[in-house]
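Below is one structure, written out as C-alpha cells, with a few remarks after it.
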Amino acid sequence: MTVPSDLSRLLDEAKQLLPEAVKLRRRIHAQPELGLQTPLTTQAVSESLQGLDIQIARGPSTTGLIVSLAGRQAGARTGKTILLRGDMDALPMPEDTGLPFASEIENRMHACGHDAHTTMLVEAVHLLHRHRDEFAGTVKFMFQPGEEGYHGARFMIEDGLLDADPKPDAAFAMHILPNLRAGALAGRAGPAMASADRWMILVKGRGGHASAPHDAIDPVPVAFEIGLALQSMVTRRHNVFDPVVVTIARVSAGTTNNVIPEAVELEGTLRATSPGARQAGKEGIERVAKNIAAAHLCTAEVEIETGYPVTVNDPGFVDFARKVARELGGDNGYIEMPAPVMGAEDFSYVLQRFPGCIFVLGVMPKERDPSGHVAPVHSNRMILNEDAMATGIAMHAAIATRFLAVS
Ligand code: NI
C-alpha cells in the first residue's frame, strides 16, 4: 500500500517536531504531579502554546485545559468538531530508571506515559495550527489531569468544558504501551478497556486466645474461604466470554501469634468489560462474602467504591481511525487488538458522551535487558522510545484533518 502524500507529510513534519517534543516531555517527566491539580504541567503546556491563534478554557475543578483551534479552510461554511485528549498526571511511586531526566520528586513518577501523552497533544496543536487552512470546523485539545483514579475526565465534563460550543462530534485518545513495537498503533471496536471498582470486605468474628478457637469466633479461616469462593464465583457464575477479574490485593488481620483477632480486612479490585458482568460481579462479591461469613457465625461488611466505567470504542469511528493509521504507517502501522485490556481509563466518561475511540501506541524501548523483558506501564523501571512520539503527534493531526476535511 502506498502512503498518500498528505499524511506522510504530517509524519515527516511530526519527526521535525521531535527535538521540541523530547525537551517538553523530559521537562514534564522530571516534575511529575499527582491528581487533579497539575499546575507545573499546565504551565509547561501553556508556555509551549504561546503565540498560537487558539482559545483556552479552564474549569474550577482541575488544572486541565481545553484548547480550541479553528480551521480556516477556504469556502467551508460550517464544520464539525473533534476532541483529542491527553492526560497529564503521574503516579505516587519511586522511579528507578536511572535516566538523566528522571523524576526529581521522591515517590512520584510518570510511569504511565502521561508525560508523552501531554507532549504529543501539545505538538499536535502546533502541527494542526500550521495546517489550519486545510480543514474546517474545530479541534478541541483536552489536557486532562487526574486520570490515575481521580476521575479527572468526569470533573472536566461536570465543569461544562466538553459540552461548550462547538460540541464535539467525536473524541480520540491514545495510550502508550512499552510492550508494543515502537510506532505501531493498535485498537479494537467495542470494549477496549475494563471497568474498575474497588471493594473492601470486613469479616468480623470474636477475638480470643489462639489456643482456644472454640471460645472465639475466628474470622481468619472464614476470610480465606471467602477469598477462594470469590474465585469459584468468577469461574462458575460468569460466562467466560463476558469476563470478570476479581483480585484480592490486600489482606490484613491480627497482631501476634497467640491472639485470634476480631476482624479481617480484604481489599481488592473488580474488573469487567460489560455493564451486566460488572453488576453481577458487584452483587456476587456481596452475596458470597455475607453468606459465607454467616455460615460460620461471622458477619461481613461489604463496601464497593464505584470506579471507571468500561471504555467502549465506537465501531464506526474505529473503522475510520484504523484506515487513518494504515494510511499513516502502512499496513504494518496498525495492529488489531485481540482482546480488551483489563486496565481502566477515565476516557470512558468521554466516550459515554461522544462517539470515538482510544488507540494504543507502541513505544517499545530500543535497549532492553538481556532477558528481553520490557518494563510495563506502572513499573518503576518503565522507559519509552521517544521517537515513537512522532507517530502519536502525526496520528492526532491525521485524525483531526481527515475527520474535519470538507471535500
Ligand atoms: Ni495511563
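We count ligands from 1, going down the list as the structure has it; atoms in each ligand are counted the same way. Heavy atoms only: backbone and side chains are in, while hydrogens, waters and symmetry mates are out.
Taking the ring-ring contact (aromatic ring centres under 6.0 Å, His included) definition, one finds that His151 meets it with Tyr308, Tyr349, sequence neighbours left out. Not counting sequence neighbours, Phe155 has no partner by the ring-ring contact (aromatic ring centres under 6.0 Å, His included) test. For Asn179, the side-chain contact (heavy atoms from CB on, under 4.5 Å) test picks out Leu177, Val374, Pro376, with sequence neighbours left out.
If you check the side chains of Glu336 and Tyr334, you find a donor sitting under 3.5 Å from an acceptor.
In this structure, the ring of Phe172 has its center less than 6.0 angstrom from the ring center of Phe359.
If you look at the Ni ion (ligand 1), the protein N, O or S atoms less than 2.8 Å from it are Cys112 SG, His114 NE2, His175 NE2.
Within 6.0 Å of CZ in Arg236 there are 12 or fewer heavy atoms belonging to other residues, nucleotides or ligands.
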